Amino acid sequence: MRTRVLVMVPVLAALHGCRQVAPTANEVVALRVAQMPSAPGDGVWNTTSEYTAKLLPQDLVDPRLMQSSTQEVRVRALTNGSELALRLSWLDPQVNDLPGPGRFVDGCAIQIPRTIEANPPDPQMGQAGRPAGIAFWRADWQAAMNGRKDDIRSIYPNAAVDHYPFQAQSLEPGSTVQQEMAMRYAPAAAVGNRRVGPRRSPVEDMIAEEPGTLSPDPAGSSRGKGERTADGWSVMIVRRAPEGWGPKTRTQIAFAV
Amino acid sequence: MARVYNWQIGREMSYWYPEHRPQKQFAAVFDTNKCIACQTCTLACKTTWTSGRGQEYMLWNNVETKPYGSYPLAWDLNLLKTLDGGKWNGGRYEGRTIFESAEAGERVLGWRPESQDYAYPNVGEDDCAGQVDAGAYMNSPHMAWFYYLARICNHCTHPACLASCPRGSIYKRPEDGIVLVDQSRCRGYQECVKACPYKKVFFNPMTGTSEKCIACYPKIEQGIQPQCFVNCIGKIRMAGFINKPQNARPDNPIDYLVHIKKVALPLYPQFGLEPNVYYIPPIHVPTPFTRQMFGPGVDAAVKTYRNATNDPDLAALLCLFGSSEMMMPQFRRQGDVISGIDAHGNTVVRVPVNEPVHVRPAYDRLYQIQRTNCP
Ligand code: SF4
Ligand code: SF4
């Protein structure tokens with residue numbers, strides 16, 4: 001099982017123009033490229049340096065995580081000037097991409113201030129009155145994007161389903177009446193909770209103003225992709241760069257796995 | 001943690017939030033002696049609320065066969081194993097509640113059920129084993145007994161589900177004390193699933209949120225009892241509102257049964273949630289078992305119930321169960337008839353306590369026909 005509560009650590013990011021690439025770095029350096037990567041395995045990622053961020057357990061708010069299951073995450077960054085691409089890689093021998101009671105799927109998140117400023121919001125979920133942008137990738141959403149069907153048998157192959165009222169023969173599939181009936185039995189969908197599938201992206205944009213305030217960012221446009229590596233996950237998240245982003249600007253980013 | 005008063009354990013206790021009782025508290029009494037495990041309540045709920053995708057194995061109402069049955073699997077045993085419990089001093093519980101037993105970094109002592117724990121809702125719990133060969137017999141180390149325990153969310157006064165949610169997505173309605181998961185706020189962290197000792201919050205893998213019994217609040221708002229109550233074949237259920245013991249009203253059915261007659265008892269009061277579904281305990285079950293399940297009032301409750309035929313008000317009130325779909329926050333007995341009265345003071349039903357008995361002769365002279373009387 002993966003860590004169930006986000007684990008975050010602040011790191012520094014800097015934007016440079018074209019420069020000599022170092023294999024490791026002591027901060028995340030976003031290298032300027034003409035063409036943004038389309039997958040975590042793109043060769044262009046090899047042109048930039050890698051920063052290893054130590055992860056701290058979430059021990060600020062109860063329930064706290066006393067011991068984290070992932071110790072560190074390796075980070076690379078690229079930019080085309082208007083967007084920022086980050087690739088997070090971590091060790092995880094076991095794939096957890098099935099939701100269910102007592103199951104927690106693999107996932108990662110990045111928190112980036114919305115504007116470049118000297119004193120950015122708190123790295124752990126922002127702070128009151130100073131929202132931070134968060135992009136959240138999950139393995140179950142990625143599985144859905146990779147073609148896994150959005151139904152119970154995709155999660156429990158032997159599940160027995162007697163009958164769904166919204167599949168009654170008298171209801172024409174796709175008709176308004178039929179869709180209303182389906183909503184009646186999916187209250188979270190009926191009230192527009194974006195946790196509900198079907199998904200259009202494996203990445204969700206969120207805003208947070210302190211722990212417990214995470215909410216969807218309707219203006220978010222992040223995209224991404226996660227892939228299994230030989231020993232874990234490699235996940236790419238591309239999002240709009242913060243306001244005021246330019247060559248040699250520095251800001252603070254937090255990661256969670 | 002704040003300090004709150006829990007009358008069911010006769011003392012103050014620690015709770016995540018300060019005490020905040022609703023204006024009215026939804027409550028219910030279930031008479032375990034009348035349940036036949038027909039599961040009509042389970043299906044009434046299922047067809048009304050949980051027929052959606054991801055709810056296939058979700059039963060907001062379930063009926064399990066005690067002592068061995070449970071849904072989800074071992075919901076009670078798993079907690080009893082870890083809770084330092086069981087110490088009662090009269091009406092005062094001196095062990096630790098689940099809030100007082102929380103481990104470092106946790107708000108509540110809980111455990112996480114897994115998918116397979118939901119896979120056997122009363123499958124075979126009370127089936128006979130088939131034909132017994134002539135002469136075969138079994139020596140059991142236990143007395144032979146079982147009973148049916150119907151369960152819904154207890155809409156607790158100090159809910160563990162609500163206390164555990166780091167997002168504050170669970171709330172208790174001030175107007176009736178019903179506990180709900182805000183489906184627009186929930187992000188499926190499952191802390192509530194872990195925390196509820198009765199395991200009455202369920203994770204829906206298709207919506208990614210946690211869902212629970214809503215006490216059919218759209219019906220309650222109209223003065224009508226929930227689905228599992230009005231469909232109950234055994235007429236074991238009565239829904240209403242409960243007052244604090246010091247404000248108990250003798251004409252309120254729930255207050256009368258819980259506070260005045262003390263014949264209906266909370267389920268595992270030692271957990272510390274002040275649950276609001278009260279059970280008339282089974283009268284044929286050894287009390288060491290029922291005492292750990294319903295608290296130290298069991299012996300007195302069984303005695304009172306057994307004596308109901310000599311207690312006209314109690315006997316009458318037990319006849320009001322299942323007699324109307326309307327909520328009856330008030331009752332009045334006149335002679336051999338009990339009336340259920342709604343919130344506006346209108347009589348909604350009148351029930352005779354003793355049904356008239358007609359004995360029909362086996363030979364019908366009028367039609368000159370022989371009839372068979374069933375015993
Ligand atoms: S029974 Fe469980 S779900 Fe219901 S209010 Fe109590 S703690 Fe919450
Ligand atoms: S409908 Fe009534 S009698 Fe039947 S199982 Fe449910 S509680 Fe028991």
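Worth saying up front: this structure is predicted, and the values here are computed from it rather than measured. The chains referred to below are lettered A, B, ... by the order of the sequence lines, with proteins before strands, and numbering in each begins at 1.
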Item checked: Heavy-atom proximity to chain A below 4.5 Å, by part of B:Trp49 -> backbone

Note to self: Under 4.5 Å from any heavy atom of chain B, what part of A:Ile155 do you find: side chain, backbone, both or neither?
What the structure shows: side chain

Notebook entry, point to check: Does A:Ser68 reach the main-chain N or O of A:Gln71 with its side chain, forming a donor-acceptor pair under 3.5 Å?
Noted result: no

Next item on the list: Starting from the C-alpha separation in whole Å, work towards a yes-or-no answer on side-chain hydrogen bond (donor to acceptor under 3.5 Å, both in side chains) for A:Ser222 and A:Asp205.
Entry: CA-CA 6 Å; A:Ser222 299; A:Asp205 282 294; 2.5 Å; yes

Notebook entry, point to check: Under a 4.5 Å heavy-atom cut-off, does chain A meet the side chain of B:Ala102, its backbone, both or neither?
Noted result: neither

Notebook entry, point to check: Under a 4.5 Å heavy-atom cut-off, does chain B meet the side chain of A:Asp59, its backbone, both or neither?
Noted result: neither

Checklist line | Between A:Ala160, A:Ala189, A:Ala159, the one whose heavy-atom pairs under 4.5 Å with chain B are most numerous | finding: A:Ala160

Checklist line | B:Glu19 atom CD, over 12 foreign heavy atoms within 6.0 Å | finding: yes

Next item on the list: Measure distances from A:Ala190 to the heavy atoms of chain B and classify the residue's part below 4.5 Å as side chain, backbone, both or neither.
Entry: neither

Margin query: Using heavy-atom distances under 4.5 Å, tell me whether B:Glu211 contacts chain A through its side chain, its backbone, both, or neither.
Written below: side chain

Notebook entry, point to check: For B:Trp75, is the NZ or CZ atom of B:Lys200 found under 6.0 angstrom from the centre of its six-membered ring and inside 45 degrees of the ring axis?
Noted result: no

Item checked: A:Asp122/A:Arg130 salt bridge by N-O under 4.0 Å criterion -> no

Next item on the list: Give the intermediate values and the outcome of salt bridge (Lys or Arg N to Asp or Glu O under 4.0 Å) for residues B:Arg151 and B:Glu64.
Entry: CA-CA 8 Å; B:Arg151 302 200 304 117; B:Glu64 55 202 42; 3.3 Å; yes

Item checked: Partner chain B: residue of A:Val61, A:Leu98, A:Val161, A:Asp150 with the largest heavy-atom pair count (under 4.5 Å) -> A:Asp150

Next item on the list: Tell me the residues of residues 164-179 of chain B whose non-hydrogen atoms fall below 4.5 Å from those of chain A, in number order.
Entry: B:Ser164, B:Pro166, B:Arg167

Note to self: Using heavy-atom distances under 4.5 Å, tell me whether A:Met206 contacts chain B through its side chain, its backbone, both, or neither.
What the structure shows: side chain

Note to self: Is A:Glu210 in contact with chain B via its backbone, its side chain, both, or neither, using a 4.5 Å heavy-atom distance?
What the structure shows: neither

Checklist line | Backbone of A:Ala254 reached by a side-chain donor or acceptor of A:Gln111 within 3.5 Å | finding: no

Notebook entry, point to check: Is the distance between the ring centroids of B:Tyr57 and A:Tyr156 less than 6.0 Å?
Noted result: no

Item checked: Cation-pi check, A:Arg74 onto A:Trp90 ring (under 6.0 Å, within 45° of axis) -> no

Check: Using non-hydrogen atoms only, which part of A:Thr213 is less than 4.5 Å away from chain B: side chain, backbone, both, or neither?
Finding: backbone

Check: What part of B:Tyr118 is in contact with chain A, defined as an atom under 4.5 angstrom from a non-hydrogen atom: side chain, backbone, both or neither?
Finding: side chain

Checklist line | OH/B:Tyr5: more than 12 non-hydrogen atoms of other groups inside 6.0 Å | finding: yes

Margin query: Apply side-chain hydrogen bond (donor to acceptor under 3.5 Å, both in side chains) to residues B:Ser51 and A:Tyr164 and explain how you reach the verdict.
Written below: CA-CA 6 Å; B:Ser51 291; A:Tyr164 294 125; over 6 Å; no

Checklist line | A:Arg200, CZ atom: more than 12 neighbouring heavy atoms under 6.0 Å | finding: no

Check: Side chain, backbone, both or neither: which part of B:Thr207 has a non-hydrogen atom closer than 4.5 Å to chain A?
Finding: both

Check: Would you find a donor on one side and an acceptor on the other, under 3.5 Å apart, between the side chain of B:Glu100 and the backbone of B:Thr97?
Finding: yes

Check: Given the options B:Pro72, B:Pro113, B:Ser210, which has more heavy-atom pairs under 4.5 Å with chain A than any of the others?
Finding: B:Pro113

Item checked: Under 4.5 Å from a heavy atom of chain B, the part of A:Asp140 involved -> neither

